Structure formats: C-alpha cells, structure tokens
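Notes follow once the structure below has been shown.
In listed order, ligands and their atoms are each counted from 1. No experiment lies behind these values; they were computed from the predicted model shown.
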Amino acid sequence: MKEPLITHMYTADPSAHVFEGKLYIYPSHDLDDHPNRPAPDNFGSQYDMVDYHVFSMENMQTPPVDHGEVLHIRDVPWAEKQMWAPDAAFRNGTYYLYFPAIDHEGIFRVGVATSTSPAGPFKAEPNYIQGSFSMDPCVFVDDDGQAYMYFGGLWGGQLEKWQTGTFDPDGQVPGPGEPMLGPRVAKMSEDMLSFDGPVGEVSILDEDGKPVTAGDQARLFFEASWMHKYKGIYYLSYSTGFSRHLAYATGTSPTGPFTFRGYILSPVMGWTTHHSIVEFQGKWYLFYHDATLSGGVDYMRNIKVAELIYNADGSIQTIEP
Ligand code: FUB
C-alpha cells in the first residue's frame, strides 16, 4: 500500500500543479477529531474544514514542505463554513486559489483568493464568484490561454438544487432512468476572477453515445471534477460517489461532450475519493486521498500519490490503491 504523503495533519482532495519548476499541492485540510464536529449526515456536515495549507515538492523523492496556513475562513467575508476541495491556477504573475464554502444563506458557492506566490498567503476577494454554485472547482487553462472552471457535486454539494437555474432547496437528484446531472463548466474571464459567459452542463455519454443515466451508479458523476489534457485529448475525471470509483471520460473539446472510458482508481479506504492528475519531471501522477492514517475515519483523510500510466490508445491503467 502507498504511504500517506503528509502525516502531521489530515489532508484530502489534493489539487497538484507545477509552478516555478516545483510541484505544489493544494489540498483540503481535514481537522483533527474534536468534540464540536457536526454529526455525519447526508450533506457532509462532518467535513467542517476552516482553512487551507499549501505544500510543495522539489521532486518526487523528497517529502512535501508545508508552507503553513494560507487562507482561513475568518478572512473570507462571504463564507460561513465547510471549506472543501480547492484548486489553483496562474496567470500574468498572479496565483489564484479557488475554493468552495457554504455562505451565510446556507448555499455552496465558489470563491477566489490571490497571491504573488504559489505558496501563498492568499487574500480572498470580498464576494464569491458571481454565478457560481455548488462545489469542487477545478480550473483548467487550455493551450490557447483560455481558462475554464469545472465544478459541481451532488448531495452535500447541492448540485441537484440548481436544476432550474436558481437555488431550489427541495431540488432532488433525477430518477434512475433519467440523464444524470453533469458537472458544470464556465469560461473564466481574462482576470480569472469571474465567469465570462453562462454556466453550461458537461455531458458524459456512454459508448453508444447515450447520456449516462442517474441510476448508473458505476458511471454516475457525483463530485470531484478534474480536467487534464494528454496528447491533444481532454480527459474529464470525477468521483462516481456511492460506487466510489475515480472514473474518466475523454473528448475533443474542453466543454465536451465526453465519452466514458473507465476507471483511474479503484475504491479507497473511506467514503470519499478525490484526485488530481499532473505531469511533473517527465512522468504523470495521480494525487488522491484515502483514510488510512486515521484508520478509516473519512473526515480525517490523507493524501497519497501514484504514477499514472497511459496505454498506447490513450486509455489509463486503473490504479489499485
Ligand atoms: O473534502 C470535502 C469533500 O469531500 C470534497 O469537496 C469532495 O470532493 C469530497 O472529497
């Protein structure tokens, strides 16, 4: 079994990027067990995170360096609780940390904070990104410089409550025979602080070109979108939720449609699974998490890394954790 990358604190949802020749990891920071943690429920209240740390690695042989707390919820005016899976991006001398949190109305939104260093600290914008909703942002900058944000997640992530375009607290996931809800995607504006245009839904199709249905647990989009490009093909990967796979689908456009291709990672110890994929020093890596460090307590997770291997046809070999 792979060893946890970080053991002095609990970490999850690792978004890895290469900045300034080093590998930087932007994970969630799971809190140590504490008496005030909300009881586990279907909405993920137990994932009661309040801050972010950033880590860097010179190479894959030396352990990550902890750059300390780079953003705390007390410094984010619009956010009330649950700082979940973040991501980061760079443009024009500025580093951007994108993060979801529940606002003072009980609605998940995505915010952004900026820094002149990939290691932070980051200063939050006063309000969340207008038009954003749900959680698990992934910001992908294409070769032409256009940036896209992918986001969304069911249940605790509230995606099913946005099917009418506004927040409906009674919104339900579609029935088993209906098309599943896809991740959302929006173009980012040049300054990386807002959406440039409407939010769209990404469609994920099966091998017959039909939309994956909400009852197809093995291929369902649940949360944890990640986008990367390999040999000119766009790879959208995500968690299937209840069946606990990291799945992937490929396409020829960053906004889809994507065709389901298979699994990147088999189920790990713990309920959640979340990842990123990055090329560093000539190899491709999957950063992911499980709950081995805490003996299986899913709100006290640890990040790990494994080499990712592509087959000649562009498919990805499934990693067994
Ligand atoms: O870490 C909190 C949530 O758990 C993330 O946002 C989800 O992707 C899942 O990993």
Side-chain angles (χ1 to χ4, degrees), residues 4-6 9-16 25-33 37-53 71 73 79-88 97-103 107-111 128 132-139 149-161 181-184 220-227 236-248 264-265 267-277 286-294 296-304 321:
L5 262 183
I6 293 161
M9 57 190 279
Y10 293 107
T11 53
D13 311 321
S15 289
I25 312 168
Y26 302 84
S28 299
H29 174 197
D30 285 355
L31 297 179
D32 288 358
D33 217 359
R37 188 191 299 278
D41 60 22
N42 284 344
F43 308 105
S45 304
Q46 63 274 29
Y47 303 101
D48 59 344
M49 298 91 99
V50 294
D51 68 357
Y52 298 108
H53 284 229
L71 182 67
I73 199 163
E80 172 139 342
K81 59 183 179 178
Q82 289 175 220
M83 285 181 117
W84 284 8
D87 193 17
L97 180 70
Y98 297 93
F99 58 96
I102 290 190
D103 72 6
I107 300 177
F108 250 119
R109 304 284 187 176
V110 178
Y128 57 79
S132 73
F133 54 88
S134 199
M135 43 47 123
D136 284 2
C138 160
V139 173
M149 181 186 289
Y150 302 83
F151 60 96
L154 301 176
W155 293 79
Q158 305 179 338
L159 182 60
E160 68 273 20
K161 301 188 186 307
L181 299 177
R184 298 309 197 251
L220 178 77
F221 167 73
F222 191 84
E223 60 186 4
S225 306
W226 185 259
M227 173 59 62
L236 173 70
S237 43
Y238 59 93
S239 163
T240 61
F242 293 96
S243 64
R244 299 176 40 253
H245 294 284
L246 279 182
Y248 74 106
I264 293 173
L265 181 69
V268 295
M269 180 194 274
W271 198 89
T272 65
T273 187
H274 192 124
H275 67 301
S276 61
I277 293 168
L286 175 76
F287 284 78
Y288 64 102
H289 71 227
D290 66 18
T292 50
L293 190 61
S294 63
V297 183
D298 188 56
Y299 45 78
M300 292 158 62
R301 299 162 289 180
N302 54 268
I303 64 169
K304 292 186 169 181

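When the options Y128, F151, F108 are evaluated for a ring pair (Phe, Tyr, Trp, His ring centres under 6.0 Å) with F133, the one that passes is F151. In summary, of the residues considered (D30, T11, T292), a side-chain hydrogen bond (donor to acceptor under 3.5 Å, both in side chains) with R301 occurs for D30 alone.
Every atom of ligand 1 with a heavy atom of H274 under 4.0 Å away is listed here by number and element: 7 (C), 8 (O), 10 (O). Taking every non-hydrogen atom of A85 and a distance limit under 4.0 Å, the qualifying atoms of ligand 1 come out as 6 (O). Taking every non-hydrogen atom of M49 and a distance limit under 4.0 Å, the qualifying atoms of ligand 1 come out as 1 (O), 2 (C). Heavy-atom contacts of D136 reach the following atoms of ligand 1: 5 (C), 6 (O), 7 (C), 8 (O) (cutoff under 4.0 Å).
The protein atom (non-hydrogen) at minimum distance from atom 9 (C) of ligand 1 is E223 OE2, 3.4 Å. From the protein, the heavy atom lying nearest to atom 4 (O) of ligand 1 is R301 NH1, 3.2 Å.
A distance of 6.0 Å or more separates the ring centres of Y248 and W226. Taking the six-membered ring for Trp, Y52 and Y26 have ring centres at least 6.0 Å apart.
Selection from D30, T272, D13 by nearest heavy atom to atom 1 (O) of ligand 1 gives D13.
Looking at ligand 1, you won't find any N or O of H289 less than 3.5 Å from one of its N or O atoms. For Y47, no nitrogen or oxygen atom sits less than 3.5 Å from a nitrogen or oxygen atom of ligand 1, counting backbone and side chain alike.
Between the side chains of S237 and H275, a donor-acceptor pair is found at a separation under 3.5 Å.
W84 and Y47 have perpendicular rings, their planes meeting at more than 60° on a 0 to 90° scale where under 30° would count as parallel.
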Residue pair D48, K81: steps toward the salt bridge (charged side-chain N to carboxylate O under 4.0 Å, His left out) verdict: CA-CA 7 Å; D48 59 344; K81 59 183 179 178; over 6 Å; no
